[in-house]
Each structure stands twice: as C-alpha cells, then as structure tokens.
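One structure is given below, encoded as structure tokens.
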Amino acid sequence: MQDIINQYTAEINAANPANADELEVFRIKYLGTKGILKDLFEQFKSVGSEEKRVLGKVLNEFKQNAEAKFNHLKETLDSGLNTQDSDTDLTLPGDGFALGSRHPLSLTRIEIVDIFKRLGFVVAEGPEIEDDWHNFSALNFPEEHPARDMQDTFFIKKNSGQDDIALRTHTSSVQVRMMENGQPPFRAIMPGRVYRNEAISARAHCFFHQVEGLYVDENVSFADLKQTLYHFVQELYGEGTKVRFRPSYFPFTEPSAEMDVSCTICGGSGCNMCKYSGWVEILGCGMVDPNVLENCGIDSKKYTGFAFGMGIERITNLKYVIRDLRLFSENDVRFLKQFKTEII
Ligand code: DAH
C-alpha cells in the first residue's frame with residue numbers, strides 16, 4: 001500500500017490542470033466519493049493493526065497533500081494566473097485605452113508658446129468679454145475706425161462708445177491689461193480666442209485664435225523685433241526659412257509691419273497655398289505706439305517696446321495644409337484623430 005501511495009503522491013504533485021474542466025477531473029479522481037482517497041481508506045480498514053499505526057500517518061498526510069494541492073490549483077485557476085489556461089494568454093498585450101488626441105490648434109499654440117517661453121517670455125491671459133477701453137480706445141483706435149463697427153464686432157452692450165462691452169476682436173487687449181497693471185520690463189506671450197462678426201466660410205469664421213506678443217523695456221528697437229521674430233520663424237519652420245517685413249498700419253503700433261515667411265509648402269517656388277508668390281503672411285507687428293504706452297501709465301520717453309500678433313488657425317493651416325477653417329470647430333473625430341500625438 002505504501003508503494004501505491006508514493007506513486008499517487010508523485011502523480012498529484014506533478015498534476016497541472018489547464019482549466020476548470022481538467023481540475024474537476026483531478027478532483028473526482030483523487031477526492032471524489034468513488035475516488036482514490038476513498039478507496040485507500042477502504043483498503044486501510046483491512047490492514048493489520050501493526051501496519052495501521054505507520055500507514056495511518058502516511059494516509060493522513062496523503063489526504064492533506066491531495067486537498068492542499070486541489071485548493072492551490074483552484075485558487076490559481078480562479079485568479080487567472082495559470083498561463084496554460086487556453087482561454088487566457090497573459091503574454092498578450094492588454095486592451096489599450098482609446099486616448100484622445102490634442103486639437104491641431106492646441107498643438108500649434110503649445111509650439112508657439114514654448115518657443116517664446118525659451119526666450120524668457122511669460123504667458124498671460126485676459127477676458128474674452130472686453131470693454132471698449134481695453135479692446136479699442138487704449139489701443140489708439142480712432143472713433144471712426146471700421147473695426148469698431150457693428151459689422152466687425154459682436155457687441156454685448158452698445159451705447160455711447162466708452163461703456164460698450166464686446167467680445168474681444170483681438171488679443172491685443174491683453175497687452176493693455178498687462179501694462180496697466182505693472183511697470184516695464186514686460187516680456188509676455190498672450191494666447192486666446194477672439195471673435196469677429198463674419199459670415200462663416202472656408203476662409204473666415206466668427207471666432208478664431210491669436211497669440212499676442214509684447215516686449216517693453218528701455219532701448220527696445222525695431223532690430224530687436226526683427227531678430228526675435230526671425231528666431232521664432234527658424235524655430236517654428238526650421239533653419240533657413242526666409243522672412244520679409246512689409247510696411248503696414250495698425251493703430252497701436254508705429255511703425256507697423258506685416259511679416260511674411262517663405263512658403264512652407266513649396267519652399268518659395270510657388271504653389272496655390274502661397275498664391276504662386278512664394279511668400280505667406282503670418283503676423284502683424286510693430287513698435288508700440290507711444291500713445292498706447294501713455295494710455296497704460298507707462299513713460300513713453302523712458303520706455304519703448306514692440307508687439308506682434310498672429311493667427312493660430314493660419315499657422316496651423318500652413319503646417320498641415322488645411323484649407324477649410326470650419327474643420328477646426330466641427331469636432332469631426334475623423335479629422336481630429338489624424339493629429340495623434342503623445343499627450344504630455
Ligand atoms: N491685433 C491685430 C489683429 O488682430 C494683430 C496685431 C498686429 C497685433 C500688430 C499686434 C501688432 O500686437 O503689433 O489683426
């Protein structure tokens with residue numbers, strides 16, 4: 001009997017059922033009502049009393065071992081840890097989460113802001129609902145300027161001019177808030193959403209996004225403006241991208257300019273993105289008008305500064321060759337998921 005017990009013990013120790021069905025076969029075979037254990041206890045009854053003393057101990061140990069083995073196997077299978085279970089392959093990769101992606105306009109904004117942060121600019125924000133002073137008057141807009149017109153501006157409250165409330169038409173209003181609340185040096189980048197009363201089409205929208213920049217200190221010159229923006233373009237579009245400044249007009253800068261970059265699509269040889277000119281305009285800029293500095297309580301004899309403003313949509317369109325502005329606000333997942341990036 002001892003021999004047969006040894007043999008069964010070896011069998012039990014080696015048992016490795018792969019699933020619940022095989023474990024049940026194991027249980028029935030060793031622990032079942034007509035199983036081996038039962039049978040051994042039956043045989044035990046008929047051994048001599050001398051032998052019983054030794055064999056009783058052996059048999060009890062065998063029983064404990066068989067039960068412990070069964071419990072252990074069951075636990076392993078229940079917890080799914082058994083890699084041999086044909087239904088569970090733990091070496092397979094898990095089900096991934098469907099992570100979202102950043103909006104292309106956010107990607108561009110982050111990139112622009114990062115470049116200026118590396119130059120020591122801080123990020124500032126202001127309200128989207130603005131008063132006449134911050135959006136127009138402090139920025140030197142003449143009373144009769146067309147931008148103040150209902151056709152361009154969404155007014156929330158329209159009275160005499162001074163106490164008008166509107167959705168801001170540009171992020172230049174944030175410059176005013178910043179300068180009113182401190183003294184130079186100012187070195188800030190101001191991203192945000194702006195609103196204009198435009199019919200929605202592929203080329204125009206009633207809301208879009210801008211990034212405003214402001215640098216005010218002693219002895220800031222147009223050369224500083226050019227060098228800063230030149231560096232920005234090299235970072236954004238790569239070394240060797242050309243820039244050119246064309247004279248322009250904005251009420252809040254004097255002199256004013258618009259900056260073009262060599263077309264990022266065709267490299268300057270001409271394509272329909274740059275209307276075969278080889279150049280695309282990306283921003284407006286200039287030296288902060290002394291009137292604006294004075295309006296904000298800054299001594300224009302002591303300080304000078306430059307400012308610039310760019311449209312995030314425009315830069316994104318150029319980067320990804322997107323030709324319809326409406327795509328940015330339609331929330332069509334088929335469009336958005338093309339911009340999969342590492343979410344940081
Ligand atoms: N605010 C202007 C716009 O919305 C953009 C702009 C131009 C901002 C020149 C500036 C600037 O700061 O200097 O079109």
Side-chain angles (χ1 to χ4, degrees), residues 109 112-113 116 121 123-128 130 132-142 145-149 151-154 166-180 184 186-198 203-216 220-230 232-233 243-261 280-293 295-296 298 300 303-315 317 325:
R109 186 199 66 231
I112 295 169
V113 167
F116 283 101
F121 283 66
V123 182
E125 284 183 66
E128 291 184 13
E130 252 322 349
D132 172 87
W133 172 254
H134 293 95
N135 199 77
F136 296 124
S137 293
L139 287 164
N140 211 28
F141 275 81
H145 195 283
R148 289 177 171 234
D149 203 292
Q151 258 132 39
D152 290 70
T153 308
F154 285 118
L167 294 177
R168 68 178 175 196
T169 59
H170 54 179
T171 44
S172 302
S173 55
V174 189
Q175 283 187 35
V176 178
R177 290 192 171 269
M178 171 156 241
M179 290 194 281
E180 276 178 342
F186 297 111
R187 206 190 290 159
I189 190 90
M190 298 157 262
R193 181 175 290 175
V194 302
Y195 301 83
R196 285 191 203 166
N197 195 355
E198 302 254 14
R203 321 204 79 230
H205 211 293
C206 61
F207 68 80
F208 52 98
H209 301 79
Q210 291 188 331
V211 177
E212 186 81 12
L214 177 71
Y215 192 161
V216 181
V220 176
S221 70
F222 202 89
D224 297 320
L225 159 72
K226 281 175 84 175
Q227 183 55 36
T228 306
L229 293 177
Y230 177 78
F232 164 68
V233 167
V243 301
R244 74 175 184 191
F245 290 83
R246 284 177 291 103
S248 184
Y249 171 77
F250 300 102
F252 36 90
T253 43
E254 182 59 36
S256 304
E258 278 168 316
M259 190 181 82
D260 298 341
V261 295
V280 281
E281 185 223 312
I282 64 158
L283 56 81
C285 57
M287 300 305 290
V288 181
D289 192 300
N291 287 342
V292 175
L293 294 174
N295 285 341
C296 299
I298 287 158
S300 63
Y303 295 109
T304 51
F306 66 75
F308 55 89
M310 65 190 100
I312 300 183
E313 275 79 354
R314 179 152 186 78
I315 291 177
N317 286 351
L325 276 178

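Whatever order the structure lists ligands and atoms in, that order sets their numbers, starting from 1.
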TODO: Report yes if some heavy atom in the side chain of E128 is under 4.5 Å from a heavy atom in the side chain of F207; otherwise report no.
DONE: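 A side-chain contact is absent here, since even the closest heavy-atom pair is not under 4.5 Å.
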TODO: Under the ring pair (Phe, Tyr, Trp, His ring centres under 6.0 Å) rule, collect the residues that match up with F306, sequence neighbours excluded.
DONE: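 For F306, the residues satisfying ring pair (Phe, Tyr, Trp, His ring centres under 6.0 Å) (neighbours in sequence not counted) are Y215.
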- [ ] Using the test ring pair (Phe, Tyr, Trp, His ring centres under 6.0 Å), find all partners of F116 that sit at least two apart in sequence or belong to another chain.
- [x]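 By the ring pair (Phe, Tyr, Trp, His ring centres under 6.0 Å) rule, F116 matches F121, F232, F308.
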One pair per line, please: each N/O atom of ligand 1 matched with every protein N/O atom under 3.5 Å away, atom names first, then the distance to 0.1 Å.
{"unit_1": "ligand 1", "atom_1": "1 (N)", "unit_2": "H170", "atom_2": "ND1", "d": "3.0"}
{"unit_1": "ligand 1", "atom_1": "1 (N)", "unit_2": "S172", "atom_2": "OG", "d": "3.0"}
{"unit_1": "ligand 1", "atom_1": "4 (O)", "unit_2": "R196", "atom_2": "NH2", "d": "2.8"}
{"unit_1": "ligand 1", "atom_1": "4 (O)", "unit_2": "Q210", "atom_2": "NE2", "d": "2.9"}
{"unit_1": "ligand 1", "atom_1": "12 (O)", "unit_2": "Q175", "atom_2": "NE2", "d": "3.4"}
{"unit_1": "ligand 1", "atom_1": "12 (O)", "unit_2": "E212", "atom_2": "OE2", "d": "2.6"}
{"unit_1": "ligand 1", "atom_1": "12 (O)", "unit_2": "F308", "atom_2": "N", "d": "3.3"}
{"unit_1": "ligand 1", "atom_1": "12 (O)", "unit_2": "F308", "atom_2": "O", "d": "3.3"}
{"unit_1": "ligand 1", "atom_1": "13 (O)", "unit_2": "A307", "atom_2": "O", "d": "3.1"}

TODO: For E258, check salt bridge (charged side-chain N to carboxylate O under 4.0 Å, His left out) against everything at least two apart and list the hits.
DONE: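 E258 satisfies salt bridge (charged side-chain N to carboxylate O under 4.0 Å, His left out) with R246 only.
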Task: Qualifying residue for side-chain contact (heavy atoms from CB on, under 4.5 Å) with T169, from N135, N197, V194 - done: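 Exactly one pass, corresponding to N135.
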Task: Donor on one side chain, acceptor on other, H209 and E313, under 3.5 Å - done: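 Short answer, yes.
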